[in-house]
Amino acid sequence: MTSPTGPSASAPPPDPRRWWALGALVAALLVLGFDTTILNVALPALAAQLGAGTGQQQWIADAYAIVFAGLMLPAGLLGDRFGRRRMLLCGLGIFLAGSLLGTLADSAPLVIGARAVMGTGAALIMPLAMSVLPSLFGPGERSTAVGAISAASALGLPLGPLVGGWLLDHFWWGSVFLVNVPLVLTGIAACVFLLPETSDPAAPPVDARSALLTVTGLGALILGIIEGPARGWRDPLVLISLAASVVLIAALVLRGRGQERPMLDLRLLRSRGFLWNTVAAALGTLVLSGLMFLLPQYLQAVLGYGAFGTGLRMLPMMGGLLLAAKGSGALAARFGPRPVVTGGLAVLACAAFLGATTDVHDGYGATARWLSLAGVGFGFAMVPAMDAALGALPAERAGNGSGLLMTVRQIGGALGVAVLGSVLAGAYGDRIDTAGLPARAADAAGDSVVAAHLVAERLGVHRLAASADRAYLHGMGMALVVCGVAALVAGVLTAVFLPNPRGGSHPGTTGHPRTGTTMATGTSHARE
């Protein structure tokens, strides 16, 4: 079924079930968000009960992110080729299987395998959940839908420690996997009964060599970024991973030059709307991921809250994000996305600079204020940027384009954790006073503020805990300054280069040579 293409053609009425479908997609994206962080609070229990060493614990946490990032581009192309609803269902089924495997696992290698399987499912779910939105919502409603999806993805990050902490207080460690099951089943039911099928009949066959280059190249890049802060940037594994990623991604780009529809289609970046909205989304994600990395250790080690209390106290950021997401669509429709995205990034920078002034004697109230401001800035920047990026895509390229968008965001998030982790670790290690401690105790205290408090409690050296708090606040302040500078740079770039379509000139409705009314109606190549 194809949509009318003339300007006077009447669009079909919107499906009244679309909001129920959106609710189910939000539930699925919420799971992906908190599965990124839920294992953080479960690692001590896994170490104790399964005998997982430090290296295995790192892989339990990282396997999900590496596979997730590496498979998103092929996932988007698979959706274009074989149907976005069909592949979204496959992703949800794979994620469900990985969750059940994690629940039943009785060894660290099995848990690592379960996380990798879950990452495979997540790679299908994330871009395809975004790419089906144009088939459900026209331009007037799409910003609301994108806002809900973006809020769910971000809300899941602080909910991970919150949900994980509560589950571990009441159940066994496998419950952090079991909690996924009802939400994923809800998503599967919604896909079956509520989502229309959309695809691109002209999409080329999936290129197995390009898929392999994509997975290995992006996987090596994310592996190097994640392992860099822990191992050191000169570690052989890190250097080999980063060098291999450059070679593999370059080979992918060269291979794609002779293809009409390459897997890594850099021609999509010729659209200024897609390019600069993607840059804004990636840099905004970098800042948010940095905040999510810095805050839990501050709240738990310095202010003394538990895992559940830490997750609870990160909710002001989500409140600010939801508030901004609700109002950003109307502002972008009236003034265009450029001033809204630029203003949001400026607010995000102000929040980061304000957070950098946090003193060791400040309580949670000061943190809640700048955290709320950060949520507002992120919401006003991210939602219009994501909406405008999706709207700039041709309807038939929604899967591939959204896969590229989400891959760049994932890389931005991993880069944020890696870079800010390095800044924090360097500043903390330089400032902490471990004089007079045994060598092993001094090394442990210099690794992290959490370890320093454990050493101080075990040895009864109270000055060590105070020194660790001051050192951590110094490192956190420097990292937040980097966050603020990144947000400012993103704001300047969007102010200068971002197109500013308004109202009827939305990139997804008119003015795009390949989209026309199909993006607005969402019926291009749709099968009911």
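- No side-chain heavy atom of F95 sits less than 4.5 Å from a side-chain heavy atom of T120.
- Between M118 and N180 the shortest side-chain heavy-atom distance falls below 4.5 Å.
- Other residues, nucleotides and ligands contribute over 12 non-hydrogen atoms within 6.0 Å of the CZ atom of R463.
- The CG atom of L288 sits 9.5 Å away from atom SG of C483, with the distance rounded to the nearest 0.5 Å.
- A pairwise comparison of heavy atoms in M382 and A281 identifies CE-O, 3.2 Å as the closest pair.
- Annotation: W20, atom CH2; neighbour count of heavy atoms from other residues, nucleotides and ligands within 6.0 Å does not exceed 12.
- Going from atom CG of L303 over to atom OG1 of T367 covers 6.0 Å, rounded to the nearest 0.5 Å.
- Rounding to the nearest 0.5 angstrom, the gap separating the CG atom in L92 from the OG atom in S99 is 10.5 Å.
- Between atom OG1 of residue T103 and atom CG of residue L178 there is a gap of 4.5 Å, rounded to the nearest 0.5 Å.
- Counting heavy atoms from C-beta on, the side chains of F68 and L124 never come closer than 4.5 Å.
- Within the model, atoms CZ of R458 and CG of L464 stand 10.0 Å from one another, a figure rounded to the nearest 0.5 Å.
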Verdict with reasoning, I188 to V184, per side-chain contact (heavy atoms from CB on, under 4.5 Å): CA-CA 6 Å; I188 290 174; V184 174; 4.2 Å; yes
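- Across all their heavy atoms, V408 and A282 have their closest contact at CG1-CB, 3.6 Å.
- Looking at heavy atoms from C-beta onward, V111 lies in side-chain contact with F177 at the 4.5 angstrom threshold.
- Residues S241 and L221 are not in side-chain contact: their nearest non-hydrogen atoms beyond the backbone lie 4.5 Å or more apart.
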Derivation and outcome, side-chain contact (heavy atoms from CB on, under 4.5 Å), residues L480 and M476: CA-CA 6 Å; L480 286 172; M476 187 176 84; 4.1 Å; yes
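- Of the possible polar contacts, none joining the R409 side chain to the L405 backbone as a donor-acceptor pair under 3.5 Å is found.
- Listed by chain and number, the residues in a salt bridge (charged side-chain N to carboxylate O under 4.0 Å, His left out) with D235 are R231 (sequence neighbours excluded).
- Using a 4.5 Å cut-off on side-chain heavy atoms (C-beta onward), V461 and V455 make no contact.
- Looking at W370 and M317, their side chains never come closer than 4.5 Å, going by heavy atoms from C-beta outward.
- In this structure, L78 CG and R86 CZ are separated by 11.5 Å, a value rounded to the nearest 0.5 Å.
- Within 6.0 Å of CZ in R255 there are more than 12 heavy atoms belonging to other residues, nucleotides or ligands.
- The nearest pair of heavy atoms linking L294 to L424 is CD2-CD2, 3.8 Å.
- Residues S210 and L252 come closest through the heavy atom pair O-CD1, 3.5 Å.
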Test side-chain contact (heavy atoms from CB on, under 4.5 Å) applied to I432 and V449, step by step: CA-CA 9 Å; I432 188 170; V449 65; over 6 Å; no
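- Between the side chains of S467 and D433, not a single donor N or O lies within less than 3.5 Å of an accepting N or O.
- Between Y364 and Y305, the ring-plane angle classifies as perpendicular under the 30° and 60° cut-offs.
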Show the numbers, then the answer: is there a side-chain contact (heavy atoms from CB on, under 4.5 Å) between T278 and L404? CA-CA 9 Å; T278 298; L404 178 58; 6.0 Å; no
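- Using modelled atom types, one finds a donor on one side chain and an acceptor on the other under 3.5 Å when comparing H453 with D469.
- The heavy-atom pair separating L348 from F378 by the smallest distance is CD1-N, 4.3 Å.
- Side-chain contact between W172 and L167: absent, with no pair of heavy atoms (C-beta onward) separated by less than 4.5 Å.
- In this structure, P316 and S372 approach most closely via the heavy-atom pair CB-OG, 3.3 Å.
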